[in-house]
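In what follows, chains are A, B, ... by sequence order, proteins preceding strands, each numbered from 1.
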Amino acid sequence: MNEALKRIVRVFFTYSVRTISLLLAVSAISFVLVNASPINPVQQYIIGFGTAVSPQQRAEIEDYWGVNEPPIERYFSWLSEVLHGNLGESALYRRPVAAVIGERFWNSLALMLCAWLLSGVIGFGLGCVMGMYQDRWADKIIKKCCYILSSVPTFWLGLVFLLVFSVWLKWFPIGFSAPIGVRGEDVTFGQRLYHLILPAFTLSLASFSNIALHTRQKLIDVFNSEYVLFARARGEGKWTILCRHGLRNILFPALTLQFASFAELFGGSVMAENVFSYPGLGSAVSAAGLNGDVPLLLGITLFSALFVSAGNMIANLLYGVINPQVRAFAEAGRNGGFV
Amino acid sequence: MKGQHRFINRRTKVVIWTVILAIVLIFVYMFGILIPDEAVAGSFLNAKLPPSWEHFFGTDALGRDLFMRTLKGLSVSMTVGIAASLIGAVIAVFVGIVAATGSQYADAFVNWIIDLVMSVPHTILIILISFAFGRGLKGLLIGIAATHWCSLARLIRGEVLQLRAEQYVAVSRKLGKSGGWVLMHHLLPHLVPQFFVGLILMFPHAILHEASISFLGFGLPPEQPAIGIILSESMRYLSTGMWWSAVLPGLVLVMIVLLVDRMGEYLRAIIDPYSAQQ
């Protein structure tokens, strides 16, 4: 037990160092990219006022933003402010970036969590079905569907769902996370859920094929093994074999893969939120980019990197600590071997 | 063994299918390029028409023929896709070779860079890069190329590591050939098939990303016909019942992506030594 705990701490530590270095690099690169942009953030900030600004006021704003300082100095002062929790003020929403992210993250989290669970359950279930009925019609049909779905862009899937379920059938609302005209605090849980179903379903359909195909392959490997042959000889049925030998072997790799797919999940949620006008981080980041809201753009980029790193960290811990087959690999200080 | 009695064997069939797919794709591409600008010009007389024999995909709110616009947009997307995946594949080969033949530190550094690119969601990274270049074709191209080389680079790295362990490379070394000579004569020729298969399999991802980013408004300018832009325009008229402008262009995009994907798989089957003997 003590040994296991030590291993967890060690994997956690090595991976933390790596994650911190990656996050620092992400902050530097995104800062450089934003600086290279011909779009002037001060101008965009002033446009947001809606009134004319005298040259003196403009100079004051520029001074406050530190536009005239050298970029490296600006980067370090920005970084130290970020580390103190101050991400600056959003030009678009006229509020601190941290508050905007904090509020919108819960919306996004609800969406992503639902989609994540749904795609995990659907993908794993279909993967099991495909693996058990390998090369039969069920396998062939589902496999075809998986390949087709992985070629369908998320936003188009969302558009078609919106057209079919909202415009034609009128089962679901057109967009937003709550009914229009109802105050934020009056929205019931049921209403929120009702508005969440279609985006979450879209997002999960766009991402389950990966996990399904992975589970299928793993299950086929298990079914081709000698211990399953022996279990068959003992007279165990397909379902018994699945429960006794299959699930134990494929559940953790599938879970690991699911945790490692946070980047695709976040990217997909950007598209889904824009189609469904869902007020989450994804719609905020595209609005920030289009309106030249640099503090918000940088804040969300950093936050998304943090989110993805957290998922990768969990995947690595699962992969390296719980799975005995790769313990030795993890101890060598390498991070997980999955692509 | 069923295939032996047939007139054409499986390999020939796959080759024929690949050629047919390539011809179809080239035809679509050329057709889109050759469409004159007048064909996609709008006329308010026939705005918002549903699909008919005259306009296969109907017309949009400005009266532009959607079929022509979709095809023209498709060729623009394909140009972006080809350019971006070409750049991405070249980066991948370069980085993969550096990782596999360089020092241990170079390898670790390349792995770190790949982790770095993977640690930001691609959509957000492309938005950032596009923002840096002031939203346009250039930023879009660089963004897509910069995010799509990772998996191919890992593949190439593995391949080169395997090749370097081959005996003929060791013999070459013992005969006094330089590292550069070995690279040019033994490594690079073996990477050519990997390069092309990787390129073609990267292409569908590239056009899907292009469409997504254009849909968000970061890619091509709005007056350019592109699938993402047509679809983002169609969103505004979704509730008025203009289903054709949302469904049909997207369907064409999905079909092209599936065709290219299939072609890549076929090419891999032809080139890959494990299945080439069938």
Item checked: Heavy-atom contact with chain A under 4.5 Å, split by part of B:Ser130 -> neither
Notebook entry, point to check: Hey, does the side chain of A:Glu264 reach the backbone of A:Ser207 with a donor-acceptor pair shorter than 3.5 angstrom?
Noted result: no
Margin query: Tell me which of these, A:Pro153, A:Ser150, A:Gly289, has more heavy-atom pairs under 4.5 Å with chain B than the rest.
Written below: A:Gly289
Notebook entry, point to check: Between B:Ile124 and chain A, which part of the residue has a heavy atom less than 4.5 Å away: side chain, backbone, both or neither?
Noted result: side chain
Next item on the list: Inspect the contact between B:Arg262 and B:Glu265 and indicate whether a charged nitrogen and a carboxylate oxygen are less than 4.0 angstrom apart.
Entry: no
Next item on the list: Below 4.5 Å from any heavy atom of chain A, which atoms of B:Ile113 appear? Answer side chain, backbone, both or neither.
Entry: neither
Note to self: Please rank A:Leu159, A:Val164, A:Val26, A:Val160 by heavy-atom pairs under 4.5 Å with chain B and give me the top one.
What the structure shows: A:Leu159
Next item on the list: Answer with side chain, backbone, both or neither: which region of A:Tyr147 has an atom nearer than 4.5 Å to a non-hydrogen atom of chain B?
Entry: backbone
Notebook entry, point to check: Which one of B:Ala246, B:Gly217, B:Ser212 has the most heavy-atom pairs closer than 4.5 Å to chain A?
Noted result: B:Ser212
Check: Between B:Ala84 and B:Ile144, which heavy-atom pair has the shortest distance, and what is it?
Finding: CB-CG2, 3.7 Å
Quick one: side chains of residues 297-308 of chain A, donor-acceptor pairs under 3.5 Å with protein atoms, not counting sequence neighbours, listed by atom name and distance.
residue  : atom : partner  : partner atom : Å
A:Thr301 : OG1  : A:Leu297 : O            : 2.7
A:Ser304 : OG   : A:Ile300 : O            : 3.4
A:Ser304 : OG   : A:Thr301 : O            : 2.8

Check: Is chain B contacted by the side chain of A:Val294, its backbone, both, or neither, given a heavy-atom distance below 4.5 Å?
Finding: side chain
Margin query: As an exercise: rank A:Ala25, A:Gly311, A:Ala36 by heavy-atom pairs under 4.5 Å with chain B and give me the winner.
Written below: A:Ala25
Check: For B:Phe133, is it the side chain, the backbone, both, or neither that has a heavy atom closer than 4.5 Å to a heavy atom of chain A?
Finding: backbone
Next item on the list: Kindly state each residue pair satisfying side-chain hydrogen bond (donor to acceptor under 3.5 Å, both in side chains) with at least one member in residues 20-30 of chain A, sequence neighbours excluded.
Entry: A:Ser21-B:Trp112, A:Ser27-A:Tyr75
Note to self: Testing the 3.5 Å rule here: is there a donor-acceptor pair between the side chains of B:Ser77 and B:Glu210?
What the structure shows: yes
Next item on the list: Before giving the answer on side chain to side chain contact (heavy atoms under 4.5 Å, CB included), spell out for B:Ile207 and B:Val80 the whole-Å C-alpha distance, their side-chain angles and the decisive distance to 0.1 Å.
Entry: CA-CA 7 Å; B:Ile207 46 177; B:Val80 173; over 6 Å; no
Check: Does B:Asp107 pair with B:Arg154 as a salt bridge, N-O distance under 4.0 Å?
Finding: no
Item checked: Option in B:Val120, B:Val257, B:Leu231 with maximal non-hydrogen atom pairs under 4.5 Å from chain A -> B:Leu231
